[in-house]
Amino acid sequence: MAAKTLTINGKQISAEEGATILQAAEEAGVKIPTLCHLDGVYDVGACRLCLVEVTGVPKLLPACTTKVSEGMEIKTDSEQLQKYRRLTLELLFAERNHVCAVCVANGHCELQTLAYSQGMDHVRYDYCFPKWGVDNTHRLFGMDHNRCILCTRCVRVCWHIEGAGTKNVAGRGSKAKIITDLNMPWGESGSCTNCGKCVQSCPTGALFYKGSTVAEMERDRSRLEFIVTAREKKLWVASD
Amino acid sequence: MSKRILIDPVTRIEGHAKISIFLDDAGNVSDAEFHVVEFRGFEKFCEGRPLGEMPGITPRICGICPVSHLLASARAGDAILAVKVPPAADKLRRLMNLGQIIQSHALSFFHLSAPDFLLGWETPQAQRNVFGLAAANPDVARAGIRLRQFGQEVIEILGGKKIHPSWAVPGGVRSPLKSEGREKICGWLPEAYSTTKHALNLFKTILQGHQRETQVFGNFPSLFMGLVALDGSWEHHGGNLRFKDSNGNIIADQLDPQKYFEVIAESVKKDSYLKSPYYKPLGVPDGMYRVGPLARLNICERMGVPQADEELKHFKGLGRGAVTSSFLYHYARLIEILAAVEFIELYMDDNELLSDHLRADAGINELRGVGASEAPRGTLFHDYTVDRDGILKKVNLIIATGQNNLAMNRTVAQIAKHYVHGPEISEAMLNRIEHGIRCYDPCLSCSTHAIGQMPLQVRLIAPGGKVVREMTRG
Ligand code: SF4
Ligand code: SF4
Ligand code: FES
């Protein structure tokens, strides 16, 4: 495959044709914050945290879904981008009910970690305080919609890796919601195989092992990686 | 015209409180009341949450006794899972509760109360605190601060952090005691013993000069309630409920805490957010009972450890039947610290505490569960109703300060009647009234957890019972 040369933050790099900016940056050792991206499943560009500036393009582009091209000049950490990232995070927090102190994912949450790393010390918007419920009907897992950021990672692993197609998104805008099958309680789903991949994939405390208490929900992403490696490379090895 | 005197807020009590004193035409006190105005809607807030989160959420009610809520919550969870927690987990929870008793009692005695009786009632408020104590009596202040630190360290060694540890869970606990932790605790023991014994001697000396306080600081007949072990000895986490009257008669014994509501009813008073529980069979006012250290020592036959048992004998000698003066809460607190230190020492030789068999696993087997545990201030009940998926439908918390509310009112009235004559109020008198409340070590933020915004009402009541003036806010 042909290689493309481009610059990231002034540094010259080369990347494979067809690679995304996110992949190219990662190769080059440049960290771009992401939230909806999950290695092993296709990207949807839902969270907008990975936005980058490309010279000559008037709008900001998501690094996870934009392919590299010859001569691209990319900036990943301008003042403007930092501003937008904070804003995006603040909106995510304001949209649902995130009370980290009593959350099962406290201390192991990607949203929380990102907020810390982007210096988000308060939220400038009014909290919406929507009334979302908890679906605790499944024998093994629970889903707290209050903490869902609609990144759709769970939907993608469910369809793409497990192939069960249990999880879906229903509704639009602020009413959008992750559902199981035809919007029934998770415990009544006929398609769910109880594999737990969605729980492993969730970046927040929205999906959890039932019975988890505060700060207890630690995920082991290497299990997902193992399956992805097995599928893509036909190698049954744990990544190091 | 009646005149009302407000002391607001009572300094050095966690949270805010108001006291009203009613004077009659002759200028004498006819009655007094202690109001709680703080409000936190925890019971409502918990509805809809999964059971597993409760031991993580409820400790947030109170920054002073998070451990008590943690343990009561985990116990309520045990009841809903309908499991027996592994023996190691039970012991570890007890160990943490002992740490909590030590740290909380040390705070109450050395930081909050000792300044009053060591520095004297006449000392102005600005100096009548732990800093004033540190200036006047640095050794006592320092030892007290370190004793509290010991209790906090026991909690931290087990739970990972000083406050808000979500370490206990329905079915058990999350991690054992490690041998480094055990060594650390052992290292503290000699100092903890010496500080406690020193404080006990000090208090007994103080007591001689405080006969009047003993007589009028909440000295009246009431019931006493708390948990006791099956053999009637002191209990703090487990066991069953016992009620004793002030003559020392056991009037109800070995009641299953799961059925507390058969013997305890709650009256919500119009002018307070605090629920005032009473012993149902006797109603109000005869069913008024006290909880906490004084009650626990009154209801038990023995502490179960030798040094504290010696002290208990002396303590019991201070009353006929039961010890009825709330001023002796302080003494009871010190005896409980001593017992806690002795029990911790016993646990240090128990290898089971290092076990990793710590958690019983089960689904939702009961739809209602009660967790009762002795918080430093008294028996704490967490009563949860869940649906079949373990989502909280109803939460009722009965807290020590609430249970002592009726007795606190009586105490304030008794002190006021004794010291207030006419409209002139001296600083020393105000200090005494505050101290009357402080005997109970009330923790007001967690006592007023129930939701429901009530208008704040201030009423002036004439001798005939007629409301002569009423102010309503909100
Ligand atoms: S999901 Fe993450 S950000 Fe949301 S409350 Fe939990 S820890 Fe906080
Ligand atoms: S449940 Fe978790 S993984 Fe699924 S959309 Fe919500 S936040 Fe993303
Ligand atoms: S990671 Fe690219 S949009 Fe979410």
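Within every chain, numbering begins at 1; the chains are lettered A, B, ... in the order of the sequence lines, protein sequences first and strands thereafter.
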Should we count CZ of A:Arg124 as having more than 12 external heavy atoms under 6.0 Å? yes
Does CD in A:Glu27 sit with more than 12 non-hydrogen atoms of other residues, nucleotides or ligands closer than 6.0 Å? no
May I ask you to check whether over 12 heavy atoms, not counting those of A:Tyr209, lie within 6.0 Å of atom OH? yes
Taking 4.5 Å as the heavy-atom cut-off, does anything in residues 380-395 of chain B contact chain A, and if so which residues? B:Asp389, B:Gly390, B:Ile391
Give the intermediate values and the outcome of salt bridge (Lys or Arg N to Asp or Glu O under 4.0 Å) for residues A:Glu216 and B:Arg359. CA-CA 14 Å; A:Glu216 198 181 19; B:Arg359 205 163 167 174; 2.5 Å; yes
B:Ser166 side chain to A:Thr213 backbone, donor-acceptor under 3.5 Å: no
Is it true that, when you exclude A:Tyr125 itself, more than 12 heavy atoms of the residues, nucleotides or ligands shown sit nearer than 6.0 Å to its OH? yes
Counting only heavy atoms not in B:Asp361, do more than 12 fall under 6.0 Å of its CG? no
Could you tell me whether A:Arg223 atom CZ has more than 12 heavy atoms of other residues or ligands within 6.0 Å of it? no
Chain B contact via A:Ser212 - side chain, backbone, both or neither, heavy atoms under 4.5 Å: backbone
Over 12 foreign heavy atoms within 6.0 Å of CG, A:Asp126: no
Chain A heavy atoms under 4.5 Å from B:Leu51: which part of the residue, side chain, backbone, both or neither? neither
Ion pair B:Glu53/A:Lys210, N-O distance below 4.0 Å: no
CZ of B:Arg368: more than 12 outside heavy atoms within 6.0 angstrom? yes
From A:Val102, A:Asn136, A:Asp144, residue fulfilling side-chain contact (heavy atoms from CB on, under 4.5 Å) relative to B:Arg49: A:Asp144
With a 4.5 angstrom heavy-atom cut-off, is it the side chain or the backbone of A:Asn146 that approaches chain B, or both, or neither? side chain
Using a cut-off of under 4.5 Å for heavy-atom pairs, which of B:Gly363, B:Pro50, B:Pro170, B:Gly171 has the most such pairs with chain A? B:Pro50
